[in-house]
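Comments concern the structure below.
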Amino acid sequence: MTVVTRYAPSPTGALHIGGARTALFNWAFARHLGGQFLLRIEDTDRERSTLESEKLVLEALSWIGLDWDPVPGFAGIPRQSERGARYREAIGVLLANGAAYRCTCSEAEVEAMRARAKEKGEKPRYDRSCRERGIGADSAKPFCLRLRVPDVGGITRWNDLISGPAGEDVRELDDFVIARTDGTPIYHFAVVVDDHDMGITHVVRGREHMTSTPRQLLIYQGLGWEPPLFAHVPLLIEAGGKKLSKRQDSVSVQSYRDRGFSPETVLNYIARLGWSHGDLEIFSQAELVDLFTLDGVGSSPSQVHDDKLFWLSQHYIKTLPRERLLAHLQRFLDAEAGRPVPVDDGLASLVELLRERSKTLLEMAQLARFYYVDALARDAKATAKFLKSEIAAPLRELRDALASVPSWDRASLEAAFQTVIERHGLQLGALAQPVRVAITGGTVSPPIFETLEVLGRDRSLARLTEALALVH
RNA sequence: GACCCCAUCGUCUAGCUUGGCCCAGGACACCGGCCUUUCACGCCGAGAACGCGGGUUCGAAUCCCGCUGGGGUCGCCA
């Protein structure tokens with residue numbers, strides 16, 4: 001049997017990391033087994049769904065490296081908003097076989113019922129008053145459709161692929177609405193029809209859907225369909241312990257990207273949130289496909305915490321192939337400079353030197369600033385501390401020595417420094433720091449010789465001269 | 001409130017199915033040290049957890065019960 005999974009976002013905002021992780025698990029699970037991974041847009045809530053959100057979500061998914069398969073029988077990605085006729089058809093089946101009935105209770109009435117139940121210390125629910133009234137399609141009052149939940153028959157059960165045996169007594173369920181007064185289906189109903197029509201074999205989704213599984217099972221039953229297998233993934237929670245909210249921009253995939261994390265980093269990070277494979281920490285996309293199984297998924301919720309994220313980020317910055325790193329970096333370079341920054345050999349070499357010094361792409365672009373910026377802004381504190389009058393003479397001598405160095409390479413630069421520090425009885429650091437401030441504007445950079453080498457003779461000399469004027 | 005779920009270092013987790021190899025392993029973070037022209041990287045080292053209480057057993061992180069704590073769900077939202 002071919003495994004078919006799906007991710008079904010509702011396009012009501014950016015994709016957050018929890019959604020991305022659910023998508024990843026579905027994707028990796030399917031790919032590992034050589035199956036299909038499908039996408040579906042759940043936009044039955046017309047008020048909140050937008051095309052921009054949809055685009056954002058799709059973009060985020062491909063950004064972390066997920067791809068999806070075409071859905072047989074559908075042109076493009078299925079969207080619930082376009083499946084009205086199919087839902088009506090399925091509703092007709094339920095009505096015909098008595099699994100659903102019409103209810104004319106108003107919202108106010110239902111609310112009152114719930115309040116009453118709550119007072120009695122019961123679960124708030126609909127009291128089934130329309131159940132046996134046999135209301136027809138010709139009813140004068142507007143009606144919605146409710147599922148007739150069997151009142152005998154005990155417990156709905158399924159073997160959750162992550163939680164193990166699960167189920168709920170049907171007496172806990174009320175006759176829930178499956179179609180609104182306007183005839184449009186409610187989520188639970190649409191999901192069942194969609195999953196069935198798309199041939200989904202495994203539903204891998206967040207734990208928050210656990211309690212609605214019995215209801216969906218009942219719908220499958222009413223329709224006479226075989227339900228898929230379910231796997232409920234533990235929730236992702238924020239540092240405070242609460243469920244990640246959809247409205248939190250800080251955890252959107254987009255914002256991780258903007259903070260300078262590579263897609264490799266984000267993918268690896270979310271993979272390890274709730275899933276593990278022994279002691280391994282680093283996983284490429286291919287390794288994930290290779291190793292991902294549902295029994296690697298834990299059963300308790302995980303906090304989203306930045307510590308490991310930074311470590312992973314630097315790991316990938318250190319190890320990514322140059323081309324890929326530069327491709328990731330480009331947008332940060334451009335943003336920092338406020339114009340397109342061409343990556344020449346010097347900048348490429350600088351990036352190599354910066355790999356071990358940058359935790360994020362953003363940080364890397366900032367550290368490289370001195371290279372691609374026209375007018376260097378020198379840090380005031382650093383200037384005050386290192387460009388002092390006593391360094392004027394050595395600095396001037398160094399500049400002159402550098403000006404006449406035979407070739408601009410590490411060895412020659414080092415020789416020039418050596419001569420100056422020996423004459424003045426200085427430690428290398430005593431001269432290197434002022435030079436660093438002179439040519440980079442700050443106290444932090446790659447080793448001084450490499451930095452000079454990368455900057456080139458003309459610019460280095462010019463900046464040294466500039467700095468000499470600032471000596472006080 | 002009702003129902004459901006969860007519970008190992010600060011964080012992510014291994015171990016739990018098939019009790020002993022676990023006075024609990026790895027990783028991140030933190031702290032200390034080494035290296036060092038700044039910052040990093042790297043290397044070495046330290047501290048740090050089985051929520052509590054009962055069982056069962058020769059033996060429990062692992063099995064059972066209770067408690068506590070945390071979370072999720074109870075919509076004509078998805």
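Every chain is numbered from 1 and lettered A, B, ... according to where its sequence line falls, protein lines coming before strand lines. Computed over heavy atoms, backbone and side chain alike; hydrogens, waters and symmetry mates excluded.
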Among A78(B), C3(B), C6(B), find the nucleotide with the atom closest to the side chain of Arg48(A). A78(B)

Which pairs count as salt bridge (charged side-chain N to carboxylate O under 4.0 Å, His left out) when at least one residue sits in residues 301-316 of chain A, sequence neighbours excluded? Arg259(A)-Asp306(A), Glu281(A)-Lys308(A)

According to the Watson-Crick and G-U wobble definitions, with both distances under 3.5 Å, which nucleotide is paired to G47(B)? none

What do you reckon, are the aromatic ring centroids of Phe417(A) and Phe449(A) less than 6.0 Å apart? yes

Measure from CZ on Arg157(A) to P on C4(B) and round the result to the nearest Å. 12 Å

Do the side chains of Leu236(A) and Pro301(A) get nearer than 4.5 Å, heavy atoms only? no

So if I take residues 210-219 of chain A and measure heavy-atom distances to RNA chain B, which residues fall below 4.0 Å? Thr211(A)

Check: Pro447(A) main-chain N/O paired with Thr451(A) side-chain donor or acceptor under 3.5 Å: yes

Is Gln427(A) near enough to U37(B) that one of its side-chain N or O atoms lies under 4.0 angstrom from OP1 or OP2? no

Output the rounded distance in Å from NE2 (His188(A)) to P (U73(B)). 11 Å

Who pairs with A27(B) - Watson-Crick or G-U, where each distance is under 3.5 Å: U11(B)

Rounded to the nearest Å, what distance is computed from the CD1 atom of residue Ile178(A) to the P atom of nucleotide A78(B)? 13 Å

What parts of residues 99-106 of chain A reach RNA chain B, counting only heavy atoms under 4.0 Å away? Cys105(A)

Among the nucleotides G1(B), C5(B), C41(B), which one has an atom lying closest to any side-chain atom of Pro124(A)? G1(B)

Nucleotide nearest Glu42(A) when distance is taken to its side chain, options C41(B), A78(B), C39(B): A78(B)

Selection residues 376-386 of chain A - residue pairs positive for side-chain hydrogen bond (donor to acceptor under 3.5 Å, both in side chains), sequence neighbours left out: Arg378(A)-Glu466(A)

Minimum heavy-atom distance Ala416(A)-Val405(A), with the two atoms named: CB-CG2, 4.3 Å

Quiz: residues 361-370 of chain A side-chain donor-acceptor pairs under 3.5 angstrom, not counting sequence neighbours:
{"unit_1": "Glu363(A)", "atom_1": "OE1", "unit_2": "Lys359(A)", "atom_2": "N", "d": "2.8"}
{"unit_1": "Arg369(A)", "atom_1": "NE", "unit_2": "Glu336(A)", "atom_2": "OE1", "d": "3.1"}
{"unit_1": "Arg369(A)", "atom_1": "NH2", "unit_2": "Glu336(A)", "atom_2": "O", "d": "3.1"}

Identify, between Phe310(A) and Arg355(A), the residue whose nearest nucleotide on RNA chain B lies closer to the 5' end. Phe310(A)

So what does Leu235(A) hit on the nucleic acid, given a heavy-atom distance under 4.0 Å: a base, only sugar-phosphate, or nothing? sugar-phosphate

For each nucleotide in nucleotides 9-15 of chain B, reading 5' to 3', give B when a protein heavy atom comes within less than 4.0 Å of its base, S when such contact involves only the sugar-phosphate, and - otherwise. -BSBSS-

In this structure, how many angstroms lie between the C1' atom of A78(B) and the CG atom of Asp195(A), rounded? 14 Å

Can you list every pair that meets salt bridge (charged side-chain N to carboxylate O under 4.0 Å, His left out) and has a residue in residues 413-430 of chain A, with sequence neighbours left out? Glu397(A)-Arg423(A), Arg410(A)-Glu414(A)

Is the phosphate of C76(B) approached by Thr184(A) (side-chain N or O, under 4.0 Å from OP1 or OP2)? no

Now, which nucleotide makes the Watson-Crick or G-U wobble pair with G1(B), with each of the two distances under 3.5 Å? C74(B)

When rounded to the nearest Å, what value does the distance between C1' atoms of U68(B) and C22(B) take? 26 Å

From the list U38(B), G75(B), C77(B), which nucleotide is the closest neighbour of the side chain of Arg114(A)? G75(B)

Going by an N to O cut-off under 4.0 Å, is there a salt bridge joining Asp175(A) and Arg131(A)? yes

Which part of the nucleic acid, if any, lies within reach of Pro234(A) when heavy atoms closer than 4.0 Å are counted: base, sugar-phosphate only, or nothing? nothing

Check side-chain hydrogen bond (donor to acceptor under 3.5 Å, both in side chains) between His188(A) and all other residues, then give those that pass, not counting sequence neighbours. Gln216(A)

Whichever of Ser358(A) and Arg146(A) has the more 5' nearest nucleotide on RNA chain B, that residue is Ser358(A)

Which nucleotide wins on minimum distance to the side chain of Val177(A), given the candidates C76(B), U37(B), A29(B)? C76(B)

Just to confirm, is there a sub-4.0 Å distance from OP1 or OP2 of A78(B) to any side-chain nitrogen or oxygen of Arg180(A)? yes

Whether the side chain of Ser445(A) and the base of C39(B) hold a donor-acceptor pair under 3.5 Å is what I'd like checked. no

Minimal heavy-atom distance between Met198(A) and Val71(A), with the atoms involved, is CG-CG1, 3.9 Å

What's the closest nucleotide to the Phe449(A) side chain, out of A29(B), G42(B), U37(B)? U37(B)

Looking at Glu52(A) and Lys55(A), does any basic side-chain N land under 4.0 Å from a carboxylate oxygen? no

Within the 6.0 Å centroid threshold, strictly below: Trp275(A) and Phe283(A): yes

Could you check whether Arg436(A) gets within reach of a base, just the sugar-phosphate, or nothing at all, counting any heavy atom under 4.0 Å? base

Asp174(A) CG to U73(B) C1', in whole Å, measures 12 Å

Over 60° means perpendicular and under 30° means parallel, so tell me whether Phe310(A) and Phe261(A) are parallel, tilted or perpendicular. perpendicular

Among C5(B), C41(B), C76(B), which nucleotide has an atom closest to any side-chain atom of Ile186(A)? C76(B)

Check salt bridge (Lys or Arg N to Asp or Glu O under 4.0 Å) between Asp43(A) and all other residues, then give those that pass, not counting sequence neighbours. Arg46(A), Arg79(A)

Kindly give the atom pairs (protein nitrogen or oxygen, nucleotide nitrogen or oxygen) under 3.5 Å for nucleotides 60-67 of chain B.
none

Between G71(B), G42(B), U37(B), which one does the side chain of Leu428(A) approach most closely? U37(B)

With Lys141(A), which residues qualify under side chain to side chain contact (heavy atoms under 4.5 Å, CB included), at least two apart? Thr104(A), Ser139(A)

Round to the nearest Å and state the distance from Leu367(A) atom CG to C39(B) atom P. 13 Å

When the distance from CD of Glu168(A) to C1' of C74(B) is rounded to whole Å, what number comes out? 9 Å

N/O donor-acceptor pairs under 3.5 Å from side chains in residues 17-26 of chain A, not counting sequence neighbours:
{"unit_1": "Arg21(A)", "atom_1": "NE", "unit_2": "Leu273(A)", "atom_2": "O", "d": "2.9"}
{"unit_1": "Arg21(A)", "atom_1": "NH1", "unit_2": "Pro234(A)", "atom_2": "O", "d": "3.0"}
{"unit_1": "Arg21(A)", "atom_1": "NH2", "unit_2": "Pro234(A)", "atom_2": "O", "d": "3.2"}
{"unit_1": "Arg21(A)", "atom_1": "NH2", "unit_2": "Leu273(A)", "atom_2": "O", "d": "3.1"}
{"unit_1": "Thr22(A)", "atom_1": "OG1", "unit_2": "Gly18(A)", "atom_2": "O", "d": "3.1"}
{"unit_1": "Asn26(A)", "atom_1": "ND2", "unit_2": "Arg6(A)", "atom_2": "O", "d": "3.4"}
{"unit_1": "Asn26(A)", "atom_1": "ND2", "unit_2": "Thr22(A)", "atom_2": "O", "d": "3.0"}
{"unit_1": "Asn26(A)", "atom_1": "ND2", "unit_2": "Val204(A)", "atom_2": "O", "d": "2.8"}

Paired to G20(B) by Watson-Crick or G-U wobble criteria (both distances under 3.5 Å) is C58(B)

Atom CZ of Arg357(A) and atom P of G42(B): how far apart are they, to the nearest Å? 12 Å

